[in-house]
Amino acid sequence: MCGRYASSRSPDDLIEEFEVVEDRTAGPLAPDYNVAPTKEVYAVVERPPSRTSPPDRPEPPQRQLRVLTWGLVPSWAKDPSIGNRMINARMETVAEKPAFRKAFASRRALLPADGYFEWYPTSQTNARGKPVKQPFFIRPRDGGILAMAGLYEIWRDPSRDEDDPDRFRWTCTVLTTQAEDSLGHIHDRMPLTVERERWHEWLDPTTAGDTSLLVPAAPGRLEAYAVPTLVSNVRNNGPELVQPLEATS
């Protein structure tokens, strides 16, 4: 699964990297080296243009940068707290699960990350006899941005008035796939990432969601290294969380 990641790039960097046409963020998020579920995160999406175009000359969807809440709330949900359990969607079943299939059909996103964290159970045990877990940071070897495959939903809050600008809640989830061989010893799952040449196809809402879109990135492009256990506490946040363990000891 993917339950924590790091995201420190500025909106300007993301707009340039993902060739965003429209910035729909209210303001920059602070660099976050310990992104956890229910936090606000950047997402790249493609949406219909805000202005109306003639029927005979429809404009293509516009690529936007938005801020979403991590933890998908399906449009049919009665209670938004369901999002706390919807932080990941398995690639193998995303087209079938009621919570995800509508979003997979036309509301796909890219969630930019510096990298993500996983915890490996060591042979050491704690006072309760349970394995001590060592966190690892997994990132692109070239230091580039990790484009994680995501889905998003727009949930209408029935308790808010029709003219309330906050009546819609935008939320997202991260797709996961089987970990590649070099990473499987740490955890058997990893985020599904989308390679640059497939970004448009993945984001385009006019492209029907089917299994042909679910193509894991080529293996061997990521590296993993042990990091301080400080990251295990979500209250800790700073660049030291992604520094190699030997560099901080």
Side-chain angles (χ1 to χ4, degrees), residues 1-18 25-44 65-71 84 87-88 109-128 130-150 172-176 179-180 182-193 217 219-249:
M1 65 172 293
C2 175
R4 300 277 185 84
Y5 66 93
S7 176
S8 66
R9 261 76 170 193
S10 70
D12 289 343
D13 289 342
L14 299 178
I15 287 168
E16 179 179 2
E17 177 73 16
F18 290 93
T25 63
L29 299 176
D32 196 337
Y33 297 90
N34 203 353
V35 179
T38 73
K39 281 190 172 184
E40 291 188 326
V41 299
Y42 288 121
V44 178
L65 181 68
R66 286 182 174 267
V67 172
L68 279 58
T69 300
W70 186 14
N84 298 337
I87 66 168
N88 290 156
L110 293 173
L111 305 177
D114 304 339
Y116 67 98
F117 298 96
E118 286 295 359
W119 280 257
Y120 173 74
T122 69
S123 57
Q124 293 180 302
T125 57
N126 59 24
R128 301 179 185 176
K130 294 183 178 181
V132 173
K133 293 186 176 182
Q134 171 61 54
F136 282 78
F137 188 57
I138 302 167
R139 68 176 185 182
R141 290 182 183 277
D142 63 4
I145 295 177
L146 196 65
M148 301 189 297
C172 62
T173 190
V174 177
L175 270 68
T176 66
E180 59 186 67
S182 62
L183 303 174
H185 68 286
I186 300 174
H187 197 279
D188 62 345
R189 305 291 296 178
M190 64 180 289
L192 177 68
T193 58
R221 298 185 179 183
L222 302 178
E223 63 178 0
Y225 55 84
V227 293
T229 55
L230 288 170
V231 72
S232 300
N233 187 331
V234 73
R235 290 191 294 269
N236 295 326
N237 203 323
E240 67 277 6
L241 301 185
V242 299
Q243 294 300 310
L245 190 59
E246 58 269 19
T248 60
S249 60

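Quick caveat, the model's predicted, so the values are computed rather than measured.
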* Output, in order, the C-alpha distance, side-chain angles, deciding distance and verdict of side chain to side chain contact (heavy atoms under 4.5 Å, CB included) for Tyr42 and Leu29. => CA-CA 8 Å; Tyr42 288 121; Leu29 299 176; 3.6 Å; yes
* To do: List the atom of Glu180, the atom of Met190, and the distance in Å for their closest heavy-atom pair.
  => N-SD, 3.5 Å
* Do Leu146 and Ile138 have side chains that get closer than 4.5 Å, going by heavy atoms? -> no
* **Test item: Asn34 side-chain N/O and Val231 main-chain N/O as donor-acceptor pair under 3.5 Å** => yes
* Structure fact -> d(Thr25 OG1, Glu40 CD) to nearest 0.5 Å is 10.5 Å
* To do: Check His187 against Ala179 and note the closest heavy-atom contact, atom names and distance.
  => O-CB, 3.3 Å
* Structure fact -> Taken to the nearest 0.5 Å, the spacing of Ile145 CD1 from Glu17 CD works out to 4.5 Å
* Taking all non-hydrogen atoms of both residues into account, name the closest pair between Val242 and Ala6 and its distance. => CG1-CB, 4.1 Å
* Minimum heavy-atom distance between Pro135 and Pro228, given as atom pair plus value -> CG-O, 3.6 Å
* Where the side chain of Ser7 meets the backbone of Asp32, is there a donor-acceptor pair that is under 3.5 Å apart? -> no
* Asked: Between Thr173 and Asn88, is there a donor-acceptor pair closer than 3.5 Å when you use the side chain of the first and the backbone of the second?
  -> yes
* Asked: Which atom pair, heavy atoms only, marks the closest approach of Pro112 to Leu110?
  -> CD-O, 3.4 Å
* Do the side chain of Trp70 and the main chain of Ile87 share a donor and acceptor less than 3.5 angstrom apart? -> yes
* Structure fact -> In this structure, CG of Asn233 is separated from CG of Leu241 (nearest 0.5 Å) by 10.0 Å
* Asked: Heavy-atom count around Arg235 CZ within 6.0 Å, excluding the residue itself: above 12?
  -> no
* Structure fact -> Taking every heavy atom of Asn236 against every heavy atom of Leu230, the minimum-distance pair comes out as ND2-O, 2.8 Å
* Out of curiosity, Leu245 CG to Tyr225 OH, how far, rounded to the nearest 0.5 Å? -> 11.0 Å
* So, are Asp114 and Arg9 salt-bridged, with charged N and O less than 4.0 Å apart? -> yes
* To do: Can you spot which of Phe117, Tyr120, Tyr33, Tyr5 makes a ring pair (Phe, Tyr, Trp, His ring centres under 6.0 Å) with Phe137?
  => Phe117
* **From Leu183 atom CG to Tyr116 atom OH, the distance as rounded to the nearest 0.5 Å** => 5.0 Å
* Rounded distance [0.5 Å steps], NZ in Lys133 versus CG in Asn126 -> 10.5 Å
* **Under the side chain to side chain donor-acceptor pair (under 3.5 Å) test, residues paired with Ser232 that sit two or more places apart** => Trp119
* Asked: Among Leu192, Leu111, Val41, which residue meets the side-chain contact (heavy atoms from CB on, under 4.5 Å) test with Val174?
  -> Leu111
* Under 3.5 Å, is there a donor-acceptor pair between the side chain of Arg4 and the main chain of Val35? -> no
